[in-house]
Amino acid sequence: MSTIVVVGAGVSGLTCALQLAKQGGNTITVVAKHMPGDYDPEYTSPFAGANVLPMAPEYNRWEGETWPELKKLAETCPEAGIHFQKAVLYRRAQDEAAGFAGPLSDGLFVRNPWYKDLVPDYVDLPASEVPEGMSSASSFTSVCINTAIYLPWLLGQCRARGVVFKRAVLKHISDAAKLSHTGRKPDIIINATGLLSCRLGGVMDQKVMPARGQVVLVRNEATPNMVCTSGTDDGNDDELCYIMQRAAGGGTILGGTYMKGNWDGVPDPNIATRIMKRAVEACPALTGGKGIEALDVIRHAVGLRPYREGGVRIEKENINGTWVVHNYGHGGWGYQGSWGCAFRVQELVDEIKSELKLGSKL
Ligand code: FAD
């Protein structure tokens, strides 16, 4: 058996822990400052919508390998809190002319995207279904994850396979060397600390910064569709309009913002008003044609996405004599890339194990 400590209990750490536990041959401890059930803007995972709107400009294995896993869970595992929902993307003419330079636009809004062959029934909508002010629209079947159910479900799946969970705040990634529940020094540490990897000793990744996401969670139900527009007319360039209804009574998320470098964890009332106004305009069914006063707000919230200049970091590094596998910096796609990233982490763990002659995959 190899001894592994996973640092971080967001979607990245939990998915890695589950994948490594399923593989067998690993004794796993997950240590984290925050656990499912906690709400803190620096613990990003609970705040995500979360849906699958592929963002990579071309095929990437993170999103490509995650979709089949989430689809399978939506089809076969109601207790995971994931359901299918149609996603409708609306493109504004000026965003299309500018080559979709907005925060979510890397690959999501381009015409004829790579992911049209990944998700079911991707179609361009006829002009009659394109609202005024938009130049075109597309739709496809996606999923929406109720994060308040999915994160505890991941944790439960880990516990069922013998993974042990502990609270700890690490000052240095090498502090994990003392934290396996076995009392042994771990052979491998997985660093899934998200945004806080920019402050963790031994990592201190200065390419990591927050991309502030403000949302409003409401009891109102949207149409059967999730909606996302390529830009907004009434706010700053880092403001977005998206709507998604979480599975199993999880409420409807109205978003949002993508404010790079902004650490403010307190919801801004002016932004909140614009988010709600856009949402009822884009989806009048939310309030039966009434204004924002007919929205039944559960809470206003802010989560800080772990944005990383240059993209996610998934690689191994020897720190103070112990192998560390990094898996952080997922920005706005941590759920929709979670399984693909966990599969890569497992490959790196296998490489280290065979180097250390710990026995390969079972
Ligand atoms: P986190 O969830 O932040 O977890 C980090 C873990 O590391 C925590 O347990 C923390 O306590 C622990 N940790 C950190 N430092 C230390 C330390 N020093 N010692 C001990 N423990 C430590 N993604 C999608 O795929 N689809 C979406 O629709 C989507 N929508 C989003 C909407 C909003 C408003 C936001 C904010 C994000 C959204 N995201 C979405 C992005 C997604 O939420 C993130 O990419 C993902 O949650 C990152 O997960 P993580 O596990 O890497 O980090």
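When a ligand or atom number is given, it counts from 1 through the structure's own listing order.
Within ligand 1, the atoms closer than 4.0 Å to a non-hydrogen atom of Leu196 are 14 (C), 15 (N), numbered from 1 in the order shown. When each atom of ligand 1 is checked for a heavy atom of Leu200 under 4.0 Å away, the hits are 18 (N). Contact atoms of ligand 1 toward Val215: 34 (C) (distance under 4.0 Å to a heavy atom of the residue). Heavy-atom proximity to Phe47, at under 4.0 Å, picks out these atoms of ligand 1: 33 (C), 34 (C). Interface of Lys33 with ligand 1, defined as ligand atoms under 4.0 Å from a residue heavy atom, comprises 11 (O), 20 (C), 21 (N), 22 (C). Interface atoms of ligand 1 facing Gly303, defined by a heavy-atom separation under 4.0 Å, are 36 (C). In the vicinity of Trp333, heavy-atom distances shorter than 4.0 Å reach the ligand 1 atoms 23 (N), 24 (C), 25 (O).
In summary, the side chains of Thr29 and Lys166 do not present any donor paired with an acceptor at a separation below 3.5 Å, with no hydrogens or angles considered. Asp121 and Thr141 share a donor-acceptor pair across their side chains, judged by distance under 3.5 Å alone. Between the side chains of Asn191 and Glu317, no donor N or O sits under 3.5 Å from an acceptor N or O.
A donor-acceptor pair under 3.5 Å is formed between the side chain of Trp114 and the backbone N or O of Ala56. Proximity of a side-chain donor or acceptor of Arg91 to a complementary backbone N or O of Phe109 within less than 3.5 Å is detected. With hydrogens and angles disregarded, a donor-acceptor distance shorter than 3.5 Å links the side chain of Arg246 to the backbone of Gly49. No donor-acceptor distance shorter than 3.5 angstrom exists from the side chain of Glu315 to the backbone of Arg313, with no hydrogens or angles considered. In terms of modelled atom types and a separation under 3.5 Å, the side chain of Thr66 and the main chain of Trp339 share a donor-acceptor contact.
Regarding atom 43 (O) of ligand 1, its nearest protein heavy-atom neighbour is Ala48 CB, 3.3 Å. Protein heavy atom at the shortest distance from atom 2 (O) of ligand 1 is Ser45 OG, 2.5 Å. Protein heavy atom at the shortest distance from atom 30 (N) of ligand 1 is Gly49 N, 3.4 Å. For atom 16 (C) of ligand 1, the nearest non-hydrogen atom of the protein is Thr193 CG2, 3.9 Å. The protein atom (non-hydrogen) at minimum distance from atom 23 (N) of ligand 1 is Gly332 O, 3.1 Å. Here the heavy atom of the protein found nearest to atom 48 (C) of ligand 1 is Pro306 CG, 3.8 Å. Given atom 53 (O) of ligand 1, the protein heavy atom at minimum distance is Gly194 CA, 3.8 Å. The protein heavy atom nearest to atom 50 (P) of ligand 1 is Ser12 OG, 3.3 Å.
Within the 4.0 Å heavy-atom cutoff, Glu42 counts among the residues contacting ligand 1. Under a 4.0 angstrom heavy-atom cut-off, Ala192 registers as being in contact with ligand 1.
One option in Gly331, Ala211, Ala50, Gly8 has a heavy atom closer to atom 7 (O) of ligand 1 than any other, and that option is Gly8. Comparing heavy-atom distances from atom 27 (C) of ligand 1 across Leu53, Ile173, Asn51 singles out Asn51 as nearest.
The existence of a salt bridge linking Glu96 and Arg111 is confirmed by a sub-4.0 Å separation between a basic side-chain nitrogen and an acidic carboxylate oxygen. Using a cutoff of 4.0 Å between basic side-chain nitrogens and carboxylate oxygens, Arg212 and Asp268 are not scored as salt-bridged. Comment: Glu75 does not engage Lys72 in a salt bridge, judged by the lack of any side-chain N to carboxylate O separation of less than 4.0 angstrom. Comment: Asp234 engages Arg278 in a salt bridge, judged by a side-chain N to carboxylate O separation of less than 4.0 angstrom. With respect to the salt-bridge test (charged N to carboxylate O, under 4.0 angstrom), the residues Arg92 and Asp233 qualify. Glu347 has a carboxylate O that lies under 4.0 Å from a charged side-chain N of Arg61, or vice versa, which qualifies the two as a salt bridge.
In terms of N/O distances under 3.5 Å, ligand 1 is not approached by Val31. Between Gly334 and ligand 1, an N or O atom pair is found at a separation short of 3.5 Å. On a distance-only criterion, Ala9 and ligand 1 share at least one N/O pair closer than 3.5 Å. Considering backbone and side-chain N/O atoms, Tyr242 never comes within less than 3.5 Å of an N/O atom of ligand 1. No N or O atom of Gln214 sits closer than 3.5 Å to an N or O atom of ligand 1. The shortest N/O to N/O separation between Asn327 and ligand 1 does not fall below 3.5 Å.
Looking at Ser338 against ligand 1, nothing comes within 4.0 Å, counting heavy atoms. At a 4.0 Å heavy-atom cut-off, ligand 1 touches Ala168 through the backbone alone. No part of Arg199 comes within 4.0 Å of ligand 1, judged by heavy-atom distances. The parts of Val11 lying near ligand 1 are both backbone and side chain, judged by heavy-atom distances below 4.0 Å. The proximity of Leu170 to ligand 1, defined as any non-hydrogen pair under 4.0 Å, involves the side chain as well as the backbone.
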Just distance, no hydrogens or angles: give the donor-acceptor pairs under 3.5 Å from side chains in residues 124-132, sequence neighbours left out.
from   : atom 1 : to     : atom 2 : distance (Å)
Asp124 : OD1    : Ser138 : OG     : 2.8

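Ring geometry, Tyr122 versus Phe140: the interplanar angle falls under 30°, so the pair is classed parallel (tilted spans 30 to 60°). Taking the six-membered ring where the residue is Trp, Tyr43 and His34 present parallel rings, their angle staying beneath 30° rather than reaching 60°.
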